[in-house]
Number of protein chains: 2
Amino acid sequence: MKYIDKLRNSGLRPTKQRLQICEVLFDTEKTFHFTINDLEKKIKKQVSNKISLATIYNTVHAFEKKGYLKQIPINSNQTYFDTNISDHHHFYDLKDEKLIDLEHSDVGPINILKKIDGKKIKSVEVLVKLED
Amino acid sequence: MKYIDKLRNSGLRPTKQRLQICEVLFDTEKTFHFTINDLEKKIKKQVSNKISLATIYNTVHAFEKKGYLKQIPINSNQTYFDTNISDHHHFYDLKDEKLIDLEHSDVGPINILKKIDGKKIKSVEVLVKLED
DNA sequence: TGCTAGTTTATAATGATTCTAAAAAGGTGT
DNA sequence: ACACCTTTTTAGAATCATTATAAACTAGCA
Ligand SMILES: [Mn+2]
Ligand SMILES: [Mn+2]
Ligand SMILES: [Zn+2]
Ligand SMILES: [Zn+2]
């Protein structure tokens with residue numbers, strides 16, 4: 001089905017757990033931001049069998065390594081992930097502790113004038129903190 | 001002396017420990033980035049008496065709240081702080097796990113076109129990840 | 001139907017950070 | 001200097017997200 005090839009092509013065996021996690025993560029109208037704790041709850045709701053927490057961690061890290069998920073740089077006691085892997089930015093609402101997507105097109109072009117010898121830019125991420 | 005008024009004006013008692021931590025943090029030619037673990041080591045080297053880890057945490061958080069330190073949004077198992085409290089950005093060298101300042105002037109003007117109702121922008125921070 | 005490497009799992013370990021509550025120190029007024 | 005009250009420091013315990021462990025399970029393949 002839908003995710004079997006995706007996983008196979010990444011060198012990941014399409015196990016029952018991984019396919020179920022794919023459904024929770026990617027069978028949605030909209031992309032979303034989540035912590036492992038959020039995802040664990042979503043899985044409990046949507047998946048009949050139990051998936052261990054260790055497997056959730058393993059899978060999220062495997063998917064991140066393959067580029068199917070992105071980590072969002074933010075100061076929190078929990079790591080935030082994003083199913084939106086496009087080149088985009090974020091608002092962070094300090095009061096509600098919620099992330100909001102900020103599309104590339106919603107931010108004027110960013111020009112990094114400083115160069116670091118022997119290094120090249122891998123990504124440019126903007127975090128806009130919001131208050132009331 | 002130098003930091004007593006600074007602390008008093010913030011409503012913080014100028015204790016021996018706080019003054020010593022001020023010296024470690026602010027009596028430097030250049031600003032720097034650090035984790036609590038980094039700071040603990042620096043203090044051990046530069047301060048004769050012992051300062052407990054709890055006090056280091058308390059002090060860093062107090063200074064951050066007063067605006068004498070900034071937290072840097074980055075994904076790491078440890079929280080990074082910055083003695084440079086100017087409005088600036090960062091390179092993050094993924095290999096060396098080092099932060100490098102990117103002055104406001106080294107980044108073209110950033111224009112956030114999207115508005116969120118009832119919220120105003122508190123800060124705009126750019127993180128530029130570097131690879132070889 | 002085996003075989004083997006990859007995967008899942010319960011559980012333990014790790015480690016940064018926060019909490020606790022008692023002792024110490026700062027500030028103020030006498 | 002002293003008493004008094006509040007803030008701060010401190011050692012140690014607790015918390016909790018994350019990672020490690022190692023045994024059981026499974027996907028893919030001969
Ligand atoms: Mn983290
Ligand atoms: Mn943190
Ligand atoms: Zn996003
Ligand atoms: Zn900096």
Side-chain angles (χ1 to χ4, degrees), chain A residues 1 3-25 33-44 47-66 68-69 71-81 97, chain B residues 1 3-25 33-44 47-66 68-69 71-81 97:
Chain A
M1 352 288 241
Y3 298 111
I4 292 183
D5 295 335
K6 177 174 180 163
L7 292 174
R8 280 232 179 78
N9 294 339
S10 318
L12 297 172
R13 286 189 184 169
T15 62
K16 183 172 77 165
Q17 291 86 344
R18 283 178 178 156
L19 290 169
Q20 290 174 325
I21 293 174
C22 275
E23 285 169 15
V24 173
L25 290 174
H33 307 119
F34 65 92
T35 63
I36 294 289
N37 185 53
D38 296 334
L39 182 56
E40 196 187 12
K41 282 188 210 141
K42 250 183 179 345
I43 287 169
K44 274 199 185 117
V47 176
S48 54
N49 50 300
K50 195 205 171 191
I51 299 181
S52 81
L53 184 57
T55 297
I56 298 175
Y57 272 98
N58 289 341
T59 302
V60 165
H61 287 138
F63 286 4
E64 195 215 347
K65 189 166 285 180
K66 297 300 179 183
Y68 303 143
L69 290 172
Q71 244 187 280
I72 303 170
I74 196 176
N75 283 123
S76 167
N77 55 329
Q78 289 162 246
T79 303
Y80 274 81
F81 295 90
E97 296 186 318
Chain B
M1 355 293 233
Y3 299 111
I4 291 183
D5 295 335
K6 178 174 179 160
L7 291 174
R8 279 234 179 76
N9 294 338
S10 318
L12 297 173
R13 288 187 182 171
T15 62
K16 183 171 78 164
Q17 291 85 346
R18 283 178 178 158
L19 290 169
Q20 289 174 325
I21 294 175
C22 275
E23 285 170 14
V24 173
L25 289 175
H33 307 120
F34 65 92
T35 63
I36 295 288
N37 185 52
D38 296 335
L39 180 58
E40 194 188 13
K41 283 189 207 140
K42 250 183 173 358
I43 288 169
K44 274 199 184 117
V47 175
S48 53
N49 50 299
K50 196 206 171 189
I51 299 181
S52 81
L53 184 57
T55 296
I56 298 175
Y57 271 98
N58 289 342
T59 302
V60 165
H61 286 139
F63 287 5
E64 195 215 346
K65 190 167 284 181
K66 297 300 179 183
Y68 304 142
L69 290 173
Q71 242 187 282
I72 303 171
I74 196 176
N75 283 122
S76 167
N77 55 327
Q78 290 166 196
T79 303
Y80 275 81
F81 295 90
E97 296 186 319

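Naming convention: chains lettered A, B, ... in sequence-line order (proteins, then strands); numbering from 1 in each chain.
- Using a 4.0 Å heavy-atom distance criterion, B:K50 is classed as a sugar-phosphate-only contact.
- A close approach under 4.0 Å does not occur between any side-chain nitrogen or oxygen of A:T15 and OP1 or OP2 of C:dG6.
- With hydrogens and angles disregarded, no donor-acceptor distance shorter than 3.5 Å links the side chain of B:R18 to the backbone of B:L12.
- With hydrogens and angles left out, the side-chain atoms of B:T35 and B:D38 include a donor and acceptor closer than 3.5 Å.
- Here the side chain of A:L12 is nearest to one of C:dT7, D:dT9, C:dT17, namely C:dT7.
- Regarding contacts with the backbone of D:dT18, a side-chain N or O of A:T79 is found under 4.0 angstrom from either OP1 or OP2.
- Within the 4.5 Å cutoff, the side chain of A:F81 has no heavy atoms near those of the A:H33 side chain.
- Put simply, A:Q17 has a side-chain N or O that comes within less than 4.0 Å of OP1 or OP2 on C:dT9.
- The side-chain tip of B:K42 does not point at the ring of B:F34 from less than 6.0 angstrom away and within 45° of straight on.
- Distances shown here put a side-chain N or O of B:R8 below 4.0 Å from the OP1 or OP2 atom of C:dG27.
- Less than 4.0 Å separates DNA chain C from at least one heavy atom of each of the following residues of residues 52-65 of chain A: A:S52, A:A54, A:T55, A:N58.
- Whole-Å rounding puts the A:F81 CZ to D:dT18 P distance at 7 Å.
- Taking only side-chain atoms of B:R18, from C-beta outward, the nucleotide of C:dG27, D:dA27, D:dT9 with the closest atom is D:dT9.
- Rounded to whole Å, the distance from CG on B:N75 to C1' on D:dA17 is 13 Å.
- Between the side chains of A:N49 and A:Q17, no donor-acceptor pair is found at a separation under 3.5 Å.
- Shown are B:L69, B:T59, B:I43; of these, the side-chain contact (heavy atoms from CB on, under 4.5 Å) with B:L25 is made only by B:L69.
- What separates CD1 of B:I51 from C1' of D:dT9 is a distance of 10 Å, to the nearest Å.
- Rounded to whole Å, atom C1' of C:dG27 lies 16 Å from atom CG of B:N9.
- One can place CZ of A:F34 at 15 Å from C1' of D:dT18, the figure rounded to the nearest angstrom.
- Rounded to whole Å, atom P of C:dG15 lies 11 Å from atom CG of B:N37.
- Taking 3.5 Å as the limit, the base of D:dT6 and the side chain of B:R13 contain a donor-acceptor pair of atoms between them.
- In this structure, the CG atom of A:L19 is 12 Å from the C1' atom of D:dA27, given to the nearest Å.
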